[in-house]
Trainee: 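One structure follows; several queries about it will come next.
All residue numbers in this chain count up from 1 along the given sequence.
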Amino acid sequence: MDFLKDLDPAAWPGWLPLNEADGAASAGAGLSPRTVNARSVLQAIWPGKPMTASELIEATGLTRATVLSVCRDLVEAGWIEQAEDSRIAGSYVKGRPALRYLFRPQAGYVIACESDESRLRARVADLHGVIVAQRDREIPADASGPTRRAALVDLVDSVLAEADLGQEQIMSMAIAVPAPVDAHGTSVSDGAEGWWERMNPNLQAEFAERGWRVLVDNDANLAALAEAAGGAGAGVRSFATLLSGERFGTGLVVDGRLLRGQHGAVGEMRVLEMIAGVRTPDGLAYHARTEVRAAAAAGTLRGELAEVPAESIDADLVFAAARRGDRCAQDILGSLAEVLTPVCMLLSGLLDLDRIIIAGSVAERIEPVLARTRELMSRDYTLSWAELVASNMGEDVVVQGALAAALAMVRDTALISD
């Protein structure tokens with residue numbers, strides 16, 4: 001995750017859905033000139049390369065006296081440290097060695113969590129994105145909101161203990177949930193089912209009580225952030241990150257901005273219930289599993305998949321069998337392409353996207369499905385402009401996005417509350 005240390009919040013205007021207080025802070029409203037100067041120096045030195053005062057002067061445009069004074073303050077505050085001098089490092093052979101300063105990634109830590117339907121994940125990382133502790137935990141898909149919240153609290157406490165860190169060392173936290181999230185960190189009701197509220201049972205308030213800066217956001221939005229930072233969305237003006245495992249979910253970046261909406265529901269894929277050929281927001285892993293099990297129940301399943309107990313069949317087995325030439329598995333992959341095609345054509349045609357990135361647990365094995373999907377999309381030129389690619393970030397794409405967001409929050413607000 002080396003790319004995370006180079007993240008620049010200013011490169012993503014409007015991307016991070018901070019709460020109202022943070023929004024005012026990130027704008028720099030009311031900051032003293034000394035704080036503004038300190039932030040300028042800190043941002044320049046953050047990526048990690050040791051810098052001399054002269055290099056900081058060139059990077060920030062500040063005077064030498066100001067840079068040296070600010071560096072003393074930052075050293076005292078624990079943000080930076082004096083590095084090995086330039087003579088010892090070999091840059092100088094004569095004269096007085098120049099002081100060099102180095103950012104301290106251990107000045108604080110962040111927590112990134114993914115609270116999915118059936119799995120909880122927690123990562124603790126330093127300010128360069130280096131993970132120092134991580135834990136995962138399965139959770140029943142039908143667990144209640146309070147049960148999910150308590151399980152996540154326990155997981156976070158256990159990963160903090162593993163990292164040997166106190167709560168006061170945490171500077172920010174980002175939590176990904178499979179639900180729309182508004183600017184206040186809450187998820188609106190989705191009716192009698194209450195699924196969205198169960199996936200996000202007031203998680204922001206739970207952890208904000210610890211004094212942390214907390215962001216809760218939709219999992220696909222955070223996956224889009226990860227793709228923009230160091231994945232297939234890097235440098236792409238308009239793209240969709242389509243989580244395609246158990247459920248479809250989309251993070252949409254158009255003209256360089258993440259689309260959100262009043263309720264944070266832009267990219268919510270329940271609209272697929274109205275799309276012919278799809279009729280459900282269930283994802284490709286779900287379709288692969290259910291199609292095999294339906295064929296087994298009907299007695300029409302053939303080949304190596306027929307030798308596996310129906311209850312043990314999952315998408316991984318289907319993709320693996322297809323790679324080995326199993327005809328039945330290959331037919332199922334063809335049906336997955338027929339499901340994916342209208343979804344991609346809808347996104348491409350409606351939003352005029354440059355790229356659609358298929359992400360999540362199926363991404364590493366999805367290329368045969370994408371090849372067929374591209375072929376089907378090509379039949380309508382105006383709906384197939386978007387390039388269709390697989391994410392290279394694996395199943396960690398969502399938690400990596402949460403980590404990127406947590407780090408960006410720290411950089412965006414560093415020194416403002418000090």
Side-chain angles (χ1 to χ4, degrees), residues 1-9 12 15-16 45-49 78-81 102-116 119-139 151-177 203 207 210 212-217 219-234 241 243 359-361 363-364 391-414:
M1 297 190 185
D2 291 343
F3 72 89
L4 292 176
K5 70 179 182 182
D6 297 319
L7 296 181
D8 179 5
W12 308 317
W15 271 50
L16 297 181
I45 205 170
W46 196 296
K49 178 184 176 182
W79 283 101
I80 68 175
E81 62 186 350
L102 182 66
F103 179 75
R104 291 186 64 249
Q106 295 79 31
Y109 295 85
V110 301
I111 298 178
C113 292
E114 180 181 2
S115 181
D116 203 356
R119 182 176 62 175
L120 305 177
R121 313 179 79 187
R123 307 286 185 266
V124 178
D126 68 18
L127 298 185
H128 273 170
V130 176
I131 294 175
V132 298
Q134 61 183 36
R135 290 203 174 182
D136 295 354
R137 181 175 299 172
E138 300 298 318
I139 188 170
L152 187 61
V153 167
D154 183 67
L155 184 64
V156 168
D157 288 340
S158 66
V159 79
L160 277 177
E162 180 182 331
D164 194 24
L165 295 174
Q167 293 188 16
E168 72 282 357
Q169 293 173 272
I170 302 302
M171 290 187 164
S172 70
M173 179 183 194
I175 307 170
V177 296
L203 295 175
F207 290 101
R210 303 187 178 196
W212 299 343
R213 198 179 300 276
V214 180
L215 168 71
V216 179
D217 202 358
D219 53 1
N221 287 346
L222 291 174
L225 176 58
E227 295 291 350
T241 299
L243 296 179
S361 60
E364 294 179 358
S391 170
N392 61 6
M393 304 192 79
E395 65 175 3
D396 287 340
V397 62
V398 171
V399 76
Q400 286 192 33
L403 180 54
L407 290 169
M409 280 194 290
V410 176
R411 288 189 67 169
D412 194 39
T413 58

Trainee: Give me the atom names and distance for the closest heavy-atom approach of Ser115 to Ile175.
Mentor: CB-CG2, 4.4 Å

Trainee: Nearest 0.5 angstrom please: Arg135 CZ to Leu120 CG, how far?
Mentor: 13.5 Å

Trainee: Is any side-chain heavy atom of Val110 closer than 4.5 Å to one of Met173?
Mentor: no

Trainee: Measure from the side-chain N and O atoms of Asp126 to the backbone N and O of Gly129, and report whether any donor-acceptor pair falls under 3.5 Å.
Mentor: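 Side chain of Asp126 to backbone of Gly129: a pair is present.
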
Trainee: Could you tell me which residues satisfy salt bridge (charged side-chain N to carboxylate O under 4.0 Å, His left out) with Asp136, sequence neighbours excluded, listed by chain and number?
Mentor: Arg121, Arg123

Trainee: Give the minimum heavy-atom separation between Ala151 and Arg137, together with the two atoms involved.
Mentor: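 Result for this residue pair: O-NH1, 3.6 Å.
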
Trainee: Ala163: which residues meet the side chain to side chain contact (heavy atoms under 4.5 Å, CB included) condition with it, sequence neighbours left out?
Mentor: Val124, Val132, Ala133, Leu165

Trainee: Rounded at 0.5 Å granularity, tell me how far CG in Leu155 sits from CZ in Arg119.
Mentor: 11.5 Å

Trainee: Do Ile139 and Leu152 touch side chain to side chain, with heavy atoms closer than 4.5 Å?
Mentor: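 No; the side chains remain at least 4.5 Å from each other.
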
Trainee: Can you check whether Met409's main-chain N or O pairs, donor with acceptor, with Ser172's side chain at less than 3.5 Å?
Mentor: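 It does not hold such a pair.
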
Trainee: Taking C-beta and beyond as the side chain, do Leu403 and Leu407 meet within less than 4.5 Å on heavy atoms?
Mentor: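 Side chain of Leu403 against side chain of Leu407, heavy atoms only: contact under 4.5 Å found.
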
Trainee: Show the nearest heavy-atom pair for residues Leu222 and Val398, with the distance to one decimal.
Mentor: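 For Leu222 versus Val398, the nearest heavy atoms are CB-O, 4.2 Å.
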
Trainee: Let me see the working for Leu160 and Tyr109 under side chain to side chain contact (heavy atoms under 4.5 Å, CB included), right down to the final yes or no.
Mentor: CA-CA 10 Å; Leu160 277 177; Tyr109 295 85; over 6 Å; no

Trainee: Give the ring-plane orientation class for Phe103 versus His128, where under 30° counts as parallel, over 60° as perpendicular and anything between as tilted.
Mentor: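 Tilted: the ring planes of Phe103 and His128 meet at 30° to 60°.
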
Trainee: Is there a side-chain contact between Val156 and Ile111 in this structure, where contact means two heavy atoms from C-beta onward sitting under 4.5 Å apart?
Mentor: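 When only atoms from C-beta onward are counted, Ile111 and Val156 do touch, with a gap below 4.5 Å.
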
Trainee: Does Glu81 CD have over 12 foreign heavy atoms under 6.0 Å away?
Mentor: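 Enclosed.
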
Trainee: Applying salt bridge (charged side-chain N to carboxylate O under 4.0 Å, His left out), run through Asp157 and Arg210 and close with a yes or a no.
Mentor: CA-CA 12 Å; Asp157 288 340; Arg210 303 187 178 196; 2.9 Å; yes

Trainee: Do the side chains of Thr241 and Ser391 get nearer than 4.5 Å, heavy atoms only?
Mentor: no

Trainee: Flag the pair Leu102 / Ile80 as yes when at least one side-chain heavy-atom distance between them is below 4.5 Å, and no otherwise.
Mentor: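 A side-chain contact under 4.5 Å is absent here.
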
Trainee: Which label fits Trp79 and Trp46: parallel for a plane angle under 30°, tilted from 30 to 60°, or perpendicular past 60°?
Mentor: tilted

Trainee: Could you report the tightest heavy-atom contact between Cys113 and Ala122, atom names first, then the distance?
Mentor: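 Of all heavy-atom pairs spanning Cys113 and Ala122, the closest is SG-CB, 4.0 Å.
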
Trainee: With a 4.5 Å heavy-atom cut-off, do Val216 and Phe207 have their side chains touching?
Mentor: no

Trainee: Quick check: closest heavy atoms across Ala226 and Gln400, and the distance to 0.1 Å?
Mentor: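 Closest approach of Ala226 to Gln400: CB-C, 4.1 Å.
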
Trainee: With side chain to side chain contact (heavy atoms under 4.5 Å, CB included) as the criterion, how do Trp212 and Met171 come out once you've worked through the C-alpha distance, each side chain's angles and the decisive distance to 0.1 Å?
Mentor: CA-CA 6 Å; Trp212 299 343; Met171 290 187 164; over 6 Å; no

